[in-house]
Amino acid sequence: MSDNVVPLFEKTVPRTVVPPVVDIAAGTAPTAEKPPVPLWVRSARGVRTVVTHERTKTACRATARHGLYALGGTRIVARRTWEGRTASRYERLLRAAEAAGNMEAAAEWEERGQRFRQERHRRRMDLLTAPLDAAKGIAAGAGIGAGGLLLLGIMLAVASKDWTDIGAPTMALIELVRWIVFIITVTWGPLVTIGPWVVLFGLWAVGKNQQAAPQWALPANVRSSDGEPITPSIVVLALRNLGIAPLRNAIKDMGDAGASMLGPIRIAGCGVEVDVTLPSGVSTNEVQGKRRKLAENLSRHEHEVFITIPQAARTVRLWVADSGALDEPIGPSPLTTDDTLTADYAKGRAPWGQDLRGDAAAISLYQRHLLITGLSNQGKTVALRSLALWLALDKSVQFLMGDLKGVGDWAMFDGLATTLIQGPTDDHVIQVTEMVEGAVDEMNRRLQAPPGTEFPALIVLVDEAQVAFMCPVKDADKRPYGGSKANSRYFMAVRKIHNQGRAVNVLMWQGTQDPTDQNLPKLVREGAHTRASLALGTESQARMALGDKAVDGGAAPNLLRPGLDRGTLVVASDGISIPAGQASITVRTHYIDDDGAEAITDRAKALRDGVTTLHVIERGEERDALADIAGVIGDTNRVLTQDVLKRLAVLSEDSYGSWTHADLKRVLDGTAAEPYKSDGRMVVGRERVIRALANRDTGSSTSAS
């Protein structure tokens, strides 16, 4: 039959249809009921929940910890007792001194150990005669005591006229002995019961004080791997695992596991400080090169561990910050909180910030050229400005300022600085260069003053000085404003101030970015007495900023974190207190915002009678030196160079009054009109100068066409 045939009649079978029960609340039919969970499964789940609960873990840890405190205390007391009765302590320290290569200390410990053995031998020999001496002493004491009691009884009998009182003192002593025996009999039981518990409690206290329990059993705040407290064992373990084979082997050979290398661990600000005397064969720079690994071994970040070299030989000084402490801001500057604060250029110190120990870091600015450098946006301008703000509170100090960024960071000094130039263009570089050259003229005037003349401080401050060094513009005499050659105007002006300005209180302050040999020449950076650096990218830049001595001594601004350590400076200067033996110090500077800076400059302006600030350097008449030379020669074929200089000075005192033979030669060099000798004297030839002038004009017109 085909599947498509439909039957006409269907045999019906009666059936009962049970409608599904609908859950009114859920609107769906209920699912089939799950079978009940066996009792043993529920019990196992409950037991597992109880066992794995945090409170159970805490209770078990606490129970184990306090039991292990008692065991650890027993071990510590036993070791102390053993070392007190034997010469093991001296042997241990002797081996440690030998492993460290300190033969002088080894000889001293050997001598002390020998002296201890001799005294111990004498005590043991005294024990051989001790019983006989004790018996004699007891007999003598008993005889003297009996005689004394009898004499006391006789005295009582005479006084009372009753001869029965002769035995009263003896009977009183016997009664005292009886009471002592009675008291001991009564208290002996409790003492026997309580005594062991007292001893156990004492051992537990010793173990708890020394944290004599495994790390897993200690409280969470102690066993935490992030920021655990620095202890001698942790420091030694971190040094042993640095990967320096001679150091690891020396620590293994030390009987005290290397503890003799460490000085006392001292609290130092927001961290601790410890001196480590390295064993023979291990150099300090090997440990310095492992700073990151050492920090990680101490459960710290790299920026939280500083390694410096103190005066002691083969010694490194470790400063380890509390975990996260360096990310906390320091307090506000005293300049913003104390309205009565004043400055003294000669004797005072500027409040700059805090060192890593948490002590105030103040710096003397007296007769010190200053250089601050670092990567962009790390707080260089704020750090430099805070020093200028403090010095502005000394009304005798004068400022010449050039801001080659020009975004208003120094705008609050308008009305306070004698000159304030702000802007990033080449024209601003020219203005700043002429400002610095004007300071050189002032320096020369002061140097030629009568001896003993005192001058107020003149601070020549240039922020973003790298813009000046990189400026490609040349003046009319083809002298570049930027660069680091002998004819560079800005470079030479700075060098002149560095060479002689300090003697007459003309000081050069510069702030630069991302130092290189091109934007911060070697002679300029080495001319600064105070050198400070924020975060830098490489060690070579750190050496440019601070010098080889500071970097070799542990200074590492290249290890500061850009952005996170904003405002943290590494300073090399004799004007700031640096721990003995170190070449630099790390300072976390106070932050003074623009509003705070304006408030301080308002106070500084109130101290002065009024200062008119120049924003543009007034330029004198620009003269054509080659044409002027041709003019003063006139129709004479040859003129002595000395006469040429005199005639130029008469022509324009402002332009040529300070000229020397070198200036004249500089203008004529390369023009085929150089001075030459005639009859043994230097002269300038008229025809040569006319020819050079014609060639220059022809060349100018050709290039213009």
Side-chain angles (χ1 to χ4, degrees), residues 89 92-106 108-109 227-323 325-326 355-358 549-556 559 570 578-586:
R89 174 184 300 172
R92 173 167 53 84
L93 295 173
L94 172 61
R95 290 194 301 270
E98 289 177 344
N102 192 344
M103 295 297 107
E104 182 178 353
E108 180 181 355
W109 286 117
E228 59 182 299
I230 301 301
T231 61
S233 60
I234 290 177
V235 176
V236 171
L237 188 62
L239 293 169
R240 191 185 70 185
N241 295 333
L242 276 183
I244 303 174
L247 179 60
R248 181 179 61 252
N249 296 334
I251 292 175
K252 288 182 178 179
D253 293 338
M254 294 182 185
D256 60 351
S260 61
M261 295 192 306
L262 307 183
I265 296 179
R266 304 175 295 272
I267 300 296
C270 57
V272 296
E273 187 177 73
V274 59
D275 287 349
V276 181
T277 302
L278 301 176
S280 179
V282 182
S283 63
T284 55
N285 62 345
E286 287 182 283
V287 177
Q288 280 185 305
K290 299 281 188 176
R291 174 177 168 179
R292 172 173 293 182
K293 191 169 186 178
L294 177 61
E296 292 174 351
N297 290 347
L298 293 170
S299 299
R300 296 295 192 274
H301 297 291
E302 184 178 12
H303 72 277
E304 294 176 327
V305 174
F306 289 80
I307 305 174
T308 54
I309 311 299
Q311 285 181 325
R314 288 193 297 110
T315 300
V316 293
R317 178 168 295 162
L318 307 181
W319 185 87
V320 184
D322 297 335
S323 185
L326 294 183
D355 61 15
L356 295 178
R357 301 176 64 92
K549 180 180 179 181
V551 174
D552 292 338
L559 296 181
V570 182
I578 298 177
Q582 296 181 198
S584 64
I585 187 173
T586 301

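Values below: every heavy atom of this structure, side chains too, minus hydrogens, waters and symmetry copies. Just so it is clear, the structure is predicted and the values come from calculations on it, not from any experiment.
Taking the ring centre of F306 as origin, the terminal cationic atom of R291 falls inside the region bounded by 6.0 Å and 45° from the ring axis.
How far CG of L239 is from CG of L278: 7.5 Å, rounded to the nearest 0.5 Å. To the nearest 0.5 Å, the span separating CE on M261 from CG on L247 amounts to 5.5 Å. Taken from CD in E296 to CG in N241, the straight-line distance is 12.5 Å, to the nearest 0.5 Å. Atom CD1 of I585 and atom OG1 of T308 lie 10.0 Å apart (nearest 0.5 Å). We find the CD1-CG distance between I267 and D322 to be 7.5 Å, quoted to the nearest 0.5 Å. With values rounded to the nearest 0.5 angstrom, T315 atom OG1 is found 8.5 Å from I309 atom CD1.
Side-chain contact between L318 and L294 is present, with heavy atoms from C-beta onward closer than 4.5 Å. Inter-residue side-chain proximity for L242 and E286 is flagged as unmet; no heavy-atom pair is nearer than 4.5 Å. Between I234 and L298 the shortest side-chain heavy-atom distance falls below 4.5 Å. Using a 4.5 Å heavy-atom threshold, the side chains of V551 and Q288 count as separate.
No more than 12 heavy atoms of other residues, nucleotides or ligands shown are found within 6.0 angstrom of CZ on R292.
In terms of heavy atoms, I230 sits closest to I265 at O-CD1, 4.0 Å. Contact between G281 and P246 at its shortest, heavy atoms only, is O-CB, 4.0 Å. For the pair I578 and A583, the tightest heavy-atom approach, listed with the atom from each and the gap, is CD1-O, 4.1 Å. Taking each heavy atom of A295 and V305 in turn, the nearest pair found is CB-CG2, 3.6 Å.
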